[in-house]
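Shown next, in structure tokens, is the structure this report addresses.
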Protein chains: 2
Amino acid sequence: MTDEPHKPAKRPLTLRDVSEASGVSEMTVSRVLRNRGDVSDSTRARVLTAAKELGYVPNKIAGALASQRVNLVAVIIPSLGNMVFPQVLTAISEVLDQTPLQPVVGVTNYLPEREEKVLYEMLSWRPSGVIIAGLEHSDASKAMLRGAGIPVVEIMDTDGTPIDSMVGISHRRAGRMMAEAIMKAGYRKIAFLGTKMPLDHRARKRFEGFTEALAKKGLEIVDQEFYDGGSSLAKGREMTARVLERSPEVDFVYYSNDKIGVGGLLHCLDAGIDVPGRLGLAGFNNISLLDGFSKRLATMDSGREEIGRRAAEIIAARVEAGSDEMAGERIELSPTISRGDTLRARPAGGDYPE
Amino acid sequence: MTDEPHKPAKRPLTLRDVSEASGVSEMTVSRVLRNRGDVSDSTRARVLTAAKELGYVPNKIAGALASQRVNLVAVIIPSLGNMVFPQVLTAISEVLDQTPLQPVVGVTNYLPEREEKVLYEMLSWRPSGVIIAGLEHSDASKAMLRGAGIPVVEIMDTDGTPIDSMVGISHRRAGRMMAEAIMKAGYRKIAFLGTKMPLDHRARKRFEGFTEALAKKGLEIVDQEFYDGGSSLAKGREMTARVLERSPEVDFVYYSNDKIGVGGLLHCLDAGIDVPGRLGLAGFNNISLLDGFSKRLATMDSGREEIGRRAAEIIAARVEAGSDEMAGERIELSPTISRGDTLRARPAGGDYPE
DNA sequence: CCCCGGCATGTTACCGGTATCTGCCTTGGT
DNA sequence: ACCAAGGCAGATACCGGTAACATGCCGGGG
């Protein structure tokens with residue numbers, strides 16, 4: 001009466017259903033499905049057939065509870081809108097795909113309270129490891145991470161003290177490097193256009209490193225402007241126009257990311273400004289936003305694929321082995337400048353008089 | 001001996017630890033932590049203090065197993081590299097944020113076998129619902145979805161029969177609409193540039209609708225080119241150059257997405273081609289890739305925010321109520337054309353002879 | 001011919017919570 | 001002063017698997 005002939009899925013299937021269908025114990029079915037322990041070929045075949053026929057899907061909830069093992073890795077990032085993070089994620093997935101581990105993504109929107117909440121949710125699933133962007137977390141978040149007793153890798157940034165391991169670049173150094181390259185190229189009147197500072201610590205650190213390097217040579221930012229809300233070409237465009245109008249002497253604009261940087265570049269092209277002669281531009285992150293464009297923006301690559309890969313490798317290694325070595329590993333990668341077509345290599349020679 | 005004074009997290013905490021610390025039963029702690037059932041204020045306070053002090057994080061694995069409820073919604077998409085999907089995801093998250101449900105993302109890379117695997121993994125966590133892109137799935141995948149006994153919403157596409165509910169647009173219609181708009185504007189020699197066809201069913205359907213509408217007016221695609229691998233501006237650029245060289249008579253190029261479309265636009269600008277007079281261009285998806293750019297590409301918006309929102313709402317409603325009504329709901333949204341600056345509104349008047 | 005060892009399978013005791021029922025004690029109506 | 005009702009807390013039985021141990025059966029060496 002209640003049992004339909006084939007599919008209609010009344011009550012979810014359990015090991016018991018498969019065991020009854022194949023005439024062996026639940027334990028044996030479990031062994032077959034996990035490929036663990038010795039099972040005769042004939043039994044194995046019988047069980048697999050029955051499982052397939054029923055359409056049985058194991059219940060990981062029960063499995064995880066019983067085995068005290070959860071093959072999930074929490075990956076916590078600020079945003080999916082900035083292509084950098086999907087790219088890091090892709091690199092992480094590629095590594096984890098070769099292990100039994102599986103990434104689970106949480107997004108914080110750059111808000112510490114969201115981060116805390118997301119982290120709490122994630123940890124309540126008892127993942128095998130955590131990969132989390134940034135070194136700045138609320139005290140509660142830090143306490144949770146420390147207390148979780150699982151490997152934690154903080155990524156993207158190395159300017160600070162990690163809870164456990166970290167993989168990333170020094171954004172202060174990145175800012176300094178860019179400042180030095182700019183000054184070496186002979187630019188002197190430098191402006192900065194940046195994002196919602198208080199929450200994006202890495203952008204802030206780049207800015208700090210940048211101004212610090214300028215100061216060392218006795219220079220100061222000539223003009224600057226900050227905004228909040230998401231980055232967009234339009235925003236970069238209008239901000240650039242405003243800055244150039246307000247401070248016509250500016251000969252270089254450093255942007256906190258490529259998106260607004262490209263916006264600025266578009267403005268310059270439209271306005272007929274000589275780039276990189278009269279004005280130089282640089283962004284950050286080497287987003288191949290305009291890879292087919294005639295002029296490539298100077299930028300800096302943070303090695304996000306490698307960051308993702310290394311982070312995932314650390315987690316994988318530590319989960320496999322019993323959490324011993326590799327704990328507290330600190331990997332600082334070197335950002336690489338790409339001059340593109342908006343940052344000249346040396347002080348303007350003949351084509352731009354003094 | 002084994003117990004450190006404060007934090008060091010030996011063995012993961014359980015309800016029992018909190019119950020001992022606060023002198024009540026585990027059951028009461030559970031009630032307090034879930035805010036369910038009657039507990040006196042004094043007890044509640046005592047328990048909360050103890051929990052906070054210990055840094056207790058509930059174990060959802062155990063909770064889910066016991067309560068037979070898992071507040072996860074599986075969201076399965078083909079890629080994170082195409083910004084459309086992060087955007088759909090964001091819309092889904094916004095809706096689910098106001099419910100106890102939580103999205104969990106799986107990425108298939110457009111591969112049916114990956115989809116099958118990802119789906120299997122997801123279902124083994126016994127989620128409360130599934131949101132999955134597309135209507136094309138392997139038989140095994142369909143069987144799993146049907147057998148899971150949970151609400152399933154297939155999104156993005158409505159050209160086909162859903163397993164349960166669906167929310168999206170008809171890509172055939174989208175292709176037709178664009179073809180009609182193009183023909184009405186007087187273009188006649190139309191070329192098509194597309195992505196890896198066999199796997200991207202929606203792009204294929206747009207193409208089919210497109211050619212069908214052309215055929216109805218006695219027109220045929222003049223030239224076409226397909227490629228595989230990810231979309232990029234550079235690819236759109238070079239493909240466009242190739243097509244125009246091979247078939248100089250072409251007066252319109254329809255792209256399967258905005259990214260290669262914008263690449264084509266860049267080529268035309270560089271080559272000094274009169275757009276949209278001599279040549280018209282259109283893409284798909286209204287990616288605000290170049291929102292700050294001087295010329296906006298004609299494109300079509302599929303309403304991805306609304307798709308995500310409606311899909312999440314269906315799941316939320318059905319999980320909340322007992323899976324009754326709203327089952328099998330089919331929502332077809334209307335794509336909207338945006339002409340941008342690369343598709344003229346009417347046949348060329350004086351500025352382009354006949 | 002018996003015993004031992006190893007393979008193939010079954011049995012038992014959890015994993016860490018939650019649903020449900022029970023029981024105590026207080027409170028208020030009459 | 002007594003009893004019903006309700007507030008509050010505890011006891012118990014699972015949820016669906018898995019670890020660890022137990023068992024049965026078989027063949028081979030002594």
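These numbers come from a predicted model, not from an experiment. Chain letters run A, B, ... following the sequence lines, proteins first and then strands; every chain starts at 1.
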- Query: Which sits closer to the 5' end of DNA chain D, B:Val39 or B:Ala66, going by the nucleotide each is nearest to?
  - Reply: B:Val39
Please report, rounded to the nearest Å, how far the [atom2] atom of [N] is from the [atom1] atom of [X].
X: B:Asp17; N: C:dC15; atom1: CG; atom2: P; result: 12 Å
X: A:Asn59; N: D:dC14; atom1: CG; atom2: P; result: 18 Å
X: A:Glu20; N: D:dG16; atom1: CD; atom2: P; result: 13 Å
X: A:Leu15; N: D:dT18; atom1: CG; atom2: P; result: 6 Å
X: A:Glu26; N: D:dC15; atom1: CD; atom2: P; result: 11 Å
X: A:Leu13; N: D:dC15; atom1: CG; atom2: P; result: 15 Å
X: B:Arg16; N: D:dA11; atom1: CZ; atom2: P; result: 10 Å

Measuring to OP1 and OP2 of [N], would you say a side-chain N or O of [X] lies under 4.0 angstrom away?
X: A:Tyr56; N: D:dG17; result: yes
X: B:Thr14; N: C:dC15; result: no
X: A:Ser67; N: D:dG17; result: no
X: B:Arg34; N: C:dT18; result: yes
X: B:Gln68; N: C:dG17; result: no

Please determine if [X] and [Y] form a salt bridge, counting it only when a charged side-chain N lies under 4.0 Å from a carboxylate O.
X: A:Arg318; Y: A:Asp164; value: yes
X: A:Glu20; Y: A:Arg16; value: yes
X: B:Arg114; Y: A:Asp97; value: yes
X: B:Glu121; Y: A:Lys60; value: yes

Residue [X], side-chain atoms from C-beta onward, closest of [options]:
X: B:Arg31; options: D:dC15, D:dA9, C:dT11; result: D:dA9
X: B:Ser40; options: C:dG16, D:dA9, D:dT18; result: D:dA9
X: B:Asp38; options: D:dG17, D:dG7, C:dG16; result: D:dG7
X: B:Ser25; options: D:dG16, D:dG10, C:dT18; result: D:dG10
X: B:Met27; options: D:dA11, D:dG16, C:dT9; result: D:dA11
X: B:Arg36; options: C:dA8, C:dA19, D:dG16; result: C:dA19

- Message: So for B:Arg126 and D:dG16, does any side-chain atom that can act as donor or acceptor lie under 3.5 Å from a complementary atom in the base?
- Response: no
- Message: Check whether B:Glu154 reaches the backbone of B:Ile163 with its side chain - one donor and one acceptor, N or O, closer than 3.5 Å.
- Response: yes
- Query: Nearest nucleotide by nearest heavy atom, which residue falls closer to the 5' end of DNA chain C, A:Leu65 or B:Arg69?
  - Reply: A:Leu65
- Message: Just so I know, are the side chains of A:Leu135 and A:Thr161 near enough to count as touching, which here means a heavy-atom distance under 4.5 Å?
- Response: no
